[in-house]
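First the structure, in the form of structure tokens, and then the observations on it.
Quick note on labels: first sequence line is chain A, next is B, and so on, each numbered from 1.
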Number of protein chains: 4
Amino acid sequence: MGGTMDGTKQQRRGNTRQRIQDVALELFAEQGYEKTSLREIAERLDVTKAALYYHFKTKEEIIVSLFEDLTQPIQDLIEWGRQQPHTLETKREIIRRYSDALDGAAPLFRFMQENQATVRELRIGDTFKSRMTGLRDIIIDPESSLTDQVRCISALFTLHAGMFVMQDMESDPEERRKAVLEVAIDLVTQADRGSRGH
Amino acid sequence: MGGTMDGTKQQRRGNTRQRIQDVALELFAEQGYEKTSLREIAERLDVTKAALYYHFKTKEEIIVSLFEDLTQPIQDLIEWGRQQPHTLETKREIIRRYSDALDGAAPLFRFMQENQATVRELRIGDTFKSRMTGLRDIIIDPESSLTDQVRCISALFTLHAGMFVMQDMESDPEERRKAVLEVAIDLVTQADRGSRGH
Amino acid sequence: MGGTMDGTKQQRRGNTRQRIQDVALELFAEQGYEKTSLREIAERLDVTKAALYYHFKTKEEIIVSLFEDLTQPIQDLIEWGRQQPHTLETKREIIRRYSDALDGAAPLFRFMQENQATVRELRIGDTFKSRMTGLRDIIIDPESSLTDQVRCISALFTLHAGMFVMQDMESDPEERRKAVLEVAIDLVTQADRGSRGH
Amino acid sequence: MGGTMDGTKQQRRGNTRQRIQDVALELFAEQGYEKTSLREIAERLDVTKAALYYHFKTKEEIIVSLFEDLTQPIQDLIEWGRQQPHTLETKREIIRRYSDALDGAAPLFRFMQENQATVRELRIGDTFKSRMTGLRDIIIDPESSLTDQVRCISALFTLHAGMFVMQDMESDPEERRKAVLEVAIDLVTQADRGSRGH
DNA sequence: GATGAATGAGCGTTCATTCAT
DNA sequence: AATGAATGAACGCTCATTCAT
């Protein structure tokens with residue numbers, strides 16, 4: 001395992017791009033975007049900075065590529081949601097699937113959550129915002145009371161908080177995940193109940 | 001030449017420290033901590049960078065001082081809460097007062113929310129975290145179900161989300177504030193109901 | 001001689017800006033603009049690159065400042081010329097004075113001559129072009145034949161060529177200067193003679 | 001797959017070397033040598049940078065090859081001139097033919113004119129200089145007065161200026177060309193008259 | 001006849017920070 | 001209470017060049 005000739009350099013068959021993405025995401029999530037320098041990424045990979053530029057035109061392009069690669073499931077979810085009837089069961093399913101999607105790209109979402117100021121100024125900022133708005137519009141009934149609308153948004157943010165903020169709670173991660181999901185579903189359920197007359 | 005009131009320089013009778021804090025907070029909240037340079041702050045105030053160093057030992061000290069000055073109400077709130085009985089009414093009051101406290105230092109909290117990765121590495125990171133834990137421990141009943149614990153945390157995050165994320169909703173800010181507060185109080189109420197058996 | 005305290009650093013009373021300009025002009029003229037790096041300039045002055053940035057906002061600003069400082073005489077000459085009657089004697093005087101002005105800022109003009117492609121993309125490009133046009137319009141009679149117009153431009157370029165291209169001719173510089181001036185004056189004289197019919 | 005004539009790639013039957021030269025000259029003349037990167041040339045040709053290195057050993061070799069290919073007529077002219085008697089008519093013919101030669105390789109000469117600082121440091125610098133000296137020695141009578149020698153050099157520079165500097169004059173290019181040639185011939189004629197006593 | 005992948009050196013620029021005055 | 005002048009370290013980025021395939 002390792003190189004075919006010697007062990008000095010790891011296998012480098014054409015997976016460098018992927019390796020850059022992996023290391024970059026790890027560092028971005030750990031220390032933030034601005035505090036992570038290209039030098040640092042390059043050193044971890046044992047290549048030169050210039051090698052990064054062979055694979056990505058700018059530093060921003062690295063995070064953009066990660067965003068595009070990893071948020072596809074959410075985009076799919078939104079499209080699916082738009083074609084469903086706006087029933088309570090649909091909303092619940094959206095919450096469940098969104099929870100899964102967050103889980104599937106946890107480091108990226110941790111990064112987005114913790115670097116909002118940065119993200120806002122990056123190209124992905126608008127894209128992300130419009131996705132969140134898309135999601136919101138599916139689970140919110142525009143006719144409902146403001147309170148119920150807030151409940152729906154709160155449901156989404158409970159999922160986010162569940163991933164990153166509640167990590168220091170002493171409890172089994174899997175159980176916590178279930179509890180978070182339950183609270184979120186509860187919120188959209190209450191919102192729906194209010195919206196449909198009493 | 002260069003009288004005290006000639007208008008060329010704004011009134012500056014020893015309030016420079018305060019003015020630095022004001023401008024810094026504005027810029028930190030707007031563009032993030034790392035993207036705001038001391039040069040930028042100095043230029044806005046029409047003083048030199050070196051002047052900032054007369055008032056603050058480092059860049060970090062500026063944000064630390066803001067944090068200390070502006071989060072005192074929350075510290076007070078926690079101390080007050082600790083001395084109250086752990087009744088539902090206390091919890092509701094905590095939520096109400098926390099909502100007010102957030103409002104009173106909105107730009108700082110916006111900054112903390114949007115620069116979590118940065119804050120974590122700053123000296124204020126731990127302080128902030130321990131305050132949030134303190135608050136949490138007051139409104140959470142450790143005996144209650146995990147779901148109810150999540151409800152309480154969700155209540156706090158609903159307040160946060162209410163300040164920053166929901167700003168683009170079309171609705172009167174004051175009404176939104178009330179709706180957010182209602183949802184948060186609802187969450188701790190439900191949590192309390194579960195926790196006291198029923 | 002040297003510093004007041006020690007000889008390690010030359011006197012540095014506030015003349016650094018000037019010293020940067022001097023060294024920069026020398027190097028720009030010698031090796032061209034792009035091939036001269038700020039590192040090189042800084043090293044020659046025994047300061048850091050960052051010190052250059054205290055005095056000039058960008059590399060381009062260094063050359064712009066040189067241009068502005070050193071071409072003032074030519075600007076003055078143009079303004080003077082515009083207020084004179086368009087007689088032959090005026091034109092001859094323009095040529096004489098322009099020759100002096102070139103002499104007074106020889107390194108800058110050498111630089112401009114030898115880095116035209118670069119200058120064109122710099123902020124000074126347009127300014128320089130419009131100055132040359134201004135000069136031209138003073139010594140050219142728009143009614144004259146194309147040939148005579150060419151003679152006038154040729155006169156100006158003869159002066160330029162005299163400074164830089166003819167330097168390798170074996171001959172006393174002062175005599176060459178006189179000869180060049182004679183040819184240039186001859187050209188405008190011939191142009192004038194043609195233009196006045198006779 | 002990838003047929004010879006499918007239009008995806010332009011016809012490329014071994015003419016890549018030529019195409020590199022064409023594009024390089026265009027870009028060198030337009031933006032200068034240093035500001036034109038091999039990446040840019042490669043991208044315009046839709047090949048990789050490495051492909052350039054198949055055809056030329058270095059960046060410098062590209063400009064050298066252009067110089068050698070395009071200045072052959074001038075080399076021929078000089079050799080022809082050397083074998084002619086040093087009569088006025090010969091000199092006039094030299095001027096005429098040089099004007100044609102400049103026209104035939106206008107972009108290259110524009111490049112040389114506008115990038116003198118660069119050219120000086122390149123291998124072609126000396127070659128070019130010696131060619132100019134060769135030309136000069138043919139039309140200059142070493143016995144003549146300094147003024148007349150300057151006239152001859154001025155004649156050559158008038159031709160140069162005619163190509164590049166006078167392009168913004170409002171006038172038919174062909175007429176301008178004739179006028180420039182007339183002035184240049186006039187200059188050598190005057191020089192010759194002086195040189196032969198009279 | 002060319003590409004894919006990479007390098008090493010260097011660039012212009014910005015930053016937080018220092019210190020004598 | 002503040003400035004003028006500078007530094008050292010780092011940054012994102014680009015360049016000409018190389019070489020195995």
Side-chain angles (χ1 to χ4, degrees), chain A residues 5 9 12-17 34-42 45-62, chain B residues 9 12-17 20 34-42 45-62, chain C residues 5 9 12-17 20 34-42 45-62, chain D residues 9 12-17 34-42 45-62:
Chain A
M5 296 284 170
K9 296 260 172 181
R12 181 170 302 172
R13 287 202 212 83
N15 58 344
T16 303
R17 194 190 142 95
E34 354 253 353
K35 302 251 285 193
T36 302
S37 71
L38 295 184
R39 180 186 51 70
E40 207 174 349
I41 297 174
L45 291 168
D46 200 30
V47 296
T48 62
K49 271 189 293 174
L52 305 185
Y53 278 91
Y54 178 77
H55 294 281
F56 297 95
K57 266 207 279 285
T58 62
K59 184 184 182 186
E60 184 169 355
E61 248 218 2
I62 300 180
Chain B
K9 299 258 173 180
R12 180 184 293 183
R13 358 173 238 275
N15 60 347
T16 303
R17 192 189 144 95
I20 292 171
E34 351 255 354
K35 302 250 287 194
T36 302
S37 69
L38 296 185
R39 178 184 52 69
E40 207 174 350
I41 296 174
L45 291 167
D46 203 28
V47 298
T48 62
K49 271 185 293 173
L52 306 186
Y53 279 90
Y54 178 80
H55 294 283
F56 298 94
K57 266 209 286 284
T58 64
K59 184 184 182 185
E60 184 169 355
E61 250 219 357
I62 300 180
Chain C
M5 296 282 170
K9 296 258 172 183
R12 175 161 318 163
R13 289 204 210 81
N15 58 346
T16 304
R17 195 189 140 96
I20 292 170
E34 353 254 352
K35 302 250 286 192
T36 302
S37 71
L38 295 185
R39 178 185 52 71
E40 208 174 348
I41 297 174
L45 291 168
D46 200 30
V47 296
T48 61
K49 270 188 293 173
L52 306 185
Y53 278 90
Y54 177 77
H55 295 281
F56 298 94
K57 267 207 280 285
T58 61
K59 184 183 182 185
E60 183 168 356
E61 248 217 0
I62 300 180
Chain D
K9 299 259 174 180
R12 179 184 292 181
R13 358 172 236 273
N15 59 346
T16 303
R17 194 189 143 96
E34 352 253 354
K35 302 249 288 194
T36 302
S37 68
L38 295 185
R39 178 181 55 66
E40 208 175 349
I41 297 174
L45 291 167
D46 203 27
V47 297
T48 61
K49 272 186 291 175
L52 306 186
Y53 279 90
Y54 178 80
H55 294 282
F56 298 95
K57 266 209 287 281
T58 64
K59 184 184 182 186
E60 184 168 356
E61 251 220 357
I62 299 180

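Between A:Tyr54 and E:dA5 there is a side-chain polar atom (N or O) within less than 4.0 angstrom of OP1 or OP2. For F:dA1, the OP1/OP2 oxygens have no side-chain nitrogen or oxygen of B:Thr16 closer than 4.0 Å.
Remark: DNA chain F takes part in the stems E:2-21 with F:2-21, each of 3 or more antiparallel Watson-Crick or G-U pairs, criterion distances under 3.5 Å.
The separation between A:Leu45 atom CG and E:dA5 atom P is 15 Å, rounded to whole Å. Regarding D:Asn15, its CG atom lies at a distance of 11 Å from the P atom of E:dG1, rounded to whole Å. Here E:dT17 presents its C1' atom at 14 Å from CD of B:Glu61, a figure rounded to the nearest Å. Counting to the nearest Å, the C1' atom of E:dG1 and the CZ atom of D:Phe56 are 14 Å from each other. One interatomic measurement links the two molecules: OH of D:Tyr53 to C1' of E:dA5, which rounds to 15 Å at whole-angstrom precision. Counting to the nearest Å, the P atom of F:dC19 and the NZ atom of D:Lys57 are 14 Å from each other.
The side chain of D:Ala50 has E:dG4 as its nearest neighbour among E:dA2, F:dA6, E:dG4.
Applying a 4.0 Å cut-off to non-hydrogen atoms, the residues of residues 34-42 of chain A that approach DNA chain F are A:Thr36, A:Ser37, A:Leu38, A:Arg39, listed by residue number.
For the atom pair CD1 (B:Ile20) and CG (B:Leu45), the distance works out to 6.5 Å, reported to the nearest 0.5 Å. One finds the OG1 atom of C:Thr48 at 11.0 Å from the CG atom of C:Leu38 (value rounded to the nearest 0.5 Å).
The nearest heavy atom of DNA chain F to D:Lys59 and to C:Thr48 marks one nucleotide each, and the one closer to the 5' end goes with C:Thr48. Toward the 5' end of DNA chain E, the nearer of the two residues A:His55 and D:Leu52, judged by each one's closest nucleotide, is D:Leu52.
On a pure distance criterion of 3.5 Å, a polar donor-acceptor pair joins the side chain of B:Lys49 and the base of E:dT17.
With hydrogens and angles disregarded, no donor-acceptor distance shorter than 3.5 Å links the side chain of C:Lys49 to the backbone of C:Ser37.
When all heavy atoms of C:Ile62 and C:Phe56 are compared, the pair lying nearest together is CG1-CG, 3.6 Å. Taking all atoms of both residues into account, the shortest heavy-atom contact from C:Glu61 to C:Lys57 is OE1-N, 3.2 Å. When all heavy atoms are compared, the tightest approach of B:Thr36 to B:Lys59 is O-NZ, 2.9 Å.
With sequence neighbours excluded, the residues forming a salt bridge (Lys or Arg N to Asp or Glu O under 4.0 Å) with B:Lys35 are A:Glu121, listed by chain and number.
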